[in-house]
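Just the heavy atoms: all of them, side chains too, but no hydrogens, waters or symmetry mates, feed the values below.
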Amino acid sequence: MTEVRTRFSPSPTGSLHLGGTRTALFNWLFARHHSGVFILRIEDTDRERSEERYVKEIEESMNWLGLNWDEGPYFQSERLPIYRKYIQRLLDQGLAYYCDCDPADLEVRRKEALARGEKPKYDGRCRDRGLKPGSHTAVRFKTSQTGATHWHDRGKGPICFDNQELDDLVIQRADGIPTYNFAVVVDDITMGVTHVIRGEDHIPNTPRQILIYQALGSPLPEFAHMTVTLAKDGGKLSKRRGAIPILAYRDRGILPQALVNYMVRLGWGHGDQEIFSREELIKYFSLEHMSKSPGVYDEEKLLWLNSHYLKETPLPELARLLVPFLERLGIAAQNLDYVARVAGTLNTRSKTLVEMAEMARFYFQAPASYEEKGAKKFLTQEIAPTLEDIKKRLEAMGEFSEAAINQLFQDLSTETGRKMVQLAQPVRLALTGTTVSPGLFDVISILGKEEVLKRLNRALDFIYKEQ
RNA sequence: GUCCCCAUCGUCUAGCCUGGUCCAGGACACCGGCCUUUCACGCCGGCAACACCGGUUCAAAUCCGGUUGGGGACGCCA
């Protein structure tokens with residue numbers, strides 16, 4: 001059995017989005033599952049639109065998700081001589097020819113055909129003219145006009161195209177740069193790619209590429225076309241339709257494990273299992289279980305997975321992850337132990353690190369104001385004596401543990417006959433500024449005696465000043 | 001328009017290849033309830049689907065054909 005070799009070949013003409021990343025993930029998983037090789041290849045033959053910074057972004061995105069590659073990155077722009085050699089071979093064998101048709105004319109003819117309700121195809125007018133290379137000549141591949149091209153797709157099953165549907169595609173532009181359909185084939189041949197796993201938007205390219213493989217006398221790789229991802233309103237997920245750069249997920253406080261888990265479950269399944277560790281993914285992944293119909297991007301499910309992984313992440317690590325998000329809010333958190341305790345009270349109630357940081361704010365900054373409705377209800381003249389009492393009791397406490405504080409409030413409740421809620425809410429408001437927060441006794445314990453007393457005093461001042 | 005692909009709860013999916021165990025299972029979302037110092041978490045329960053029409057068969061979500069619907073592709077972009 002020969003070694004499995006897959007590749008991910010993005011073009012650096014923009015940020016990496018969910019769709020492309022999912023393709024990378026499936027290729028990576030397939031390679032890892034078979035202990036094969038995963039190659040990164042940058043398809044930068046479009047000189048106009050390719051940019052160095054996007055190469056960096058692609059690499060950074062993949063690194064963030066842990067999709068490590070074994071070979072590459074290869075750059076098509078550095079492989080021009082190789083393509084030229086293969087083009088020449090086809091030319092010499094009469095399997096390709098020069099064409100000097102004006103691109104603008106072709107465009108007009110294409111529009112006309114479309115208007116007539118026909119499939120826009122190149123009519124092959126230069127096919128037998130025996131043109132010599134010139135400054136405005138492209139090279140076209142002589143596509144067979146008879147028979148059919150078919151293959152067994154590992155994702156879709158048998159697919160067949162009538163060759164009459166195809167036309168003589170340009171394989172080398174007038175500027176000497178090969179086009180996508182040709183460069184991919186040459187690359188996949190020379191890099192020994194055994195499995196081509198890509199989006200189903202490439203299905204129409206496949207018969208053309210197969211014909212080129214055959215013209216070059218090379219054996220075919222396996223093809224597996226995976227579904228595209230649709231936006232909520234239907235239609236391919238795109239920049240216009242809600243797709244965001246993959247790194248934006250990181251900025252939004254999404255964990256890489258959550259994104260990976262989400263992407264893999266979109267269009268693939270393994271029984272009833274929803275949560276997969278990286279090892280399980282590698283162990284279970286197979287092309288056969290890919291779904292055949294397109295999936296709709298559902299952010300709710302991503303967020304659910306994210307909150308799941310947020311809960312799973314060990315506190316010290318969660319603290320490390322949270323710090324940059326705190327800093328973004330202008331909170332300098334040097335004490336990682338403190339942040340870990342804070343995170344421990346927030347990990348079950350936030351969906352993202354961004355949310356968690358926002359909720360953590362009061363642990364680092366005293367409330368600047370009190371939520372209006374809550375203040376009206378709980379920070380009243382009537383409660384003031386009780387708050388004074390709480391203050392005194394807390395002040396007298398030794399060990400400031402959650403359990404001890406809990407006991408203190410229980411006692412107070414029995415002694416005063418006040419319900420816990422009537423005790424907790426005013427204090428919560430005083431400490432956090434809102435009526436919603438993590439468990440109050442945890443909050444008190446974490447903030448510490450000094451800070452708690454300070455905030456209680458401020459709340460009391462607020463009450464006395466208000467009435 | 002032409003070609004290609006696809007079709008199970010609102011969404012992601014299991015089952016389909018190897019018909020009966022499926023009056024279709026899980027998850028997200030949603031709706032109840034429990035827990036409770038608030039909000040969450042957690043737990044329990046509920047809602048909800050085999051697109052349609054024919055055929056094959058003792059029997060079809062599962063096989064075949066058609067219809068409808070959705071998606072993709074039709075560049076000297078990738």
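Between A:L305 atom CG and B:A27 atom P there is a gap of 13 Å when expressed in whole angstrom units. A:H308 places its NE2 atom 14 Å from the C1' atom of B:G42, with the value rounded to the nearest Å. Atom P of nucleotide B:C39 and atom CZ of A:R361 are separated by 23 Å, given to the nearest angstrom. Straight-line distance from the CD1 atom of A:I159 to the C1' atom of B:A73: 12 Å, rounded to whole Å. Between A:Y54 atom OH and B:A78 atom P the separation is 17 Å, expressed in whole Å. Rounded to an integer number of Å, the gap from A:R49 CZ to B:A78 P is 8 Å. The interatomic distance linking A:K292 (NZ) with B:U13 (C1') rounds to 16 Å, in whole Å. One can place CG of A:L259 at 18 Å from P of B:C12, the figure rounded to the nearest angstrom.
Nucleic acid contact for A:K232: none, since no nucleic acid atom lies under 4.0 Å from a heavy atom of the residue. Within the nucleic acid shown, A:E274 comes within 4.0 Å of at least one base atom, counting heavy atoms only. Counting any heavy atom pair closer than 4.0 Å across all strands shown, A:C101 reaches a base atom. A:T227 comes within contact range of no nucleotide atom at all, as no heavy-atom separation falls under 4.0 Å. Heavy atoms of A:F161 sit under 4.0 angstrom from primed sugar atoms or phosphate atoms, though from no base atom. Within the nucleic acid shown, A:S291 comes within 4.0 Å of sugar-phosphate atoms alone, with no base atom in reach, counting heavy atoms only. Across all strands shown, A:N406 has no heavy atoms under 4.0 Å from either base or sugar-phosphate atoms. Counting any heavy atom pair closer than 4.0 Å across all strands shown, A:G267 reaches sugar-phosphate atoms only and no base atom. Among the heavy atoms of the strands, none lies under 4.0 Å from A:P10. At the heavy-atom level, A:T348 lies under 4.0 Å from base atoms of the strands shown. Counting non-hydrogen atoms under 4.0 angstrom, A:L266 reaches the backbone sugars and phosphates but no base. Across all strands shown, A:E118 has heavy atoms under 4.0 Å from base atoms, whether or not it also approaches the sugar-phosphate.
Taking only side-chain atoms of A:D272, from C-beta outward, the nucleotide of B:G26, B:A78, B:U37 with the closest atom is B:G26. Minimum atom distance to the side chain of A:S293 is reached by B:A7, of the listed B:A7, B:C28, B:U37. Among the nucleotides B:G1, B:A78, B:U37, the one closest to the side chain of A:Y180 is B:A78. Out of B:A78, B:C5, B:A27, the shortest distance to the side chain of A:K156 is found at B:C5. Minimum atom distance to the side chain of A:R428 is reached by B:U37, of the listed B:U37, B:U2, B:C39. Distances from the side chain of A:K311 to the nucleotides B:A29, B:G42, B:C76 place B:G42 closest.
Close to B:G75, at under 4.0 Å from its OP1 or OP2, lies a side-chain N or O of A:R110. Using a 4.0 Å cut-off, no side-chain N or O of A:K301 falls inside it from OP1 or OP2 of B:U13. Between A:T435 and the phosphate of B:U38, there is no side-chain N or O to OP1/OP2 separation shorter than 4.0 Å. Of the side-chain N and O atoms in A:R173, one or more sit less than 4.0 angstrom from OP1 or OP2 of B:C77.
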Which pairs of donor and acceptor atoms, one on a side chain in residues 220-228 of chain A, lie under 3.5 Å apart (sequence neighbours left out)?
| from | atom 1 | to | atom 2 | distance (Å) |
| --- | --- | --- | --- | --- |
| A:H225 | ND1 | A:D153 | OD2 | 2.6 |
| A:H225 | NE2 | A:R198 | NH1 | 3.3 |
| A:H225 | NE2 | A:T206 | OG1 | 3.2 |
| A:T227 | OG1 | A:R22 | NH2 | 3.3 |

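Side-chain contact between A:W304 and A:Y262: absent, with no pair of heavy atoms (C-beta onward) separated by less than 4.5 Å. Using a 4.5 Å cut-off on side-chain heavy atoms (C-beta onward), A:Y86 and A:Q172 make no contact. Residues A:L353 and A:L310 meet the side-chain proximity criterion, which asks for heavy atoms closer than 4.5 Å.
Distance check on atom C1': B:G20 versus B:A61 gives 13 Å, rounded to whole Å.
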Name the pairs: protein N/O against N/O of nucleotides 66-72 of chain B, kept only if under 3.5 Å.
| from | atom 1 | to | atom 2 | distance (Å) |
| --- | --- | --- | --- | --- |
| B:G72 | OP1 | A:K236 | N | 2.7 |

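A donor-acceptor pair under 3.5 Å is absent between the side-chain atoms of A:R49 and the main chain of A:T13, judged by distance alone. In this structure a side-chain-to-backbone donor-acceptor pair under 3.5 Å is missing from A:E107 to A:P103.
A:R173 meets the side-chain contact (heavy atoms from CB on, under 4.5 Å) test with A:T45, A:D175, A:I177, A:T179; sequence neighbours excluded.
Within a 6.0 Å radius of NZ in A:K156, more than 12 heavy atoms belonging to other residues, nucleotides or ligands are found.
A salt bridge is absent between A:E280 and A:K283; no separation between the charged side-chain nitrogens and carboxylate oxygens falls under 4.0 Å. For A:K119 and A:D167, the salt-bridge test fails: no basic side-chain N is under 4.0 Å from an acidic carboxylate O.
Between the base of B:A29 and the side chain of A:D298 there is no donor-acceptor pair shorter than 3.5 Å.
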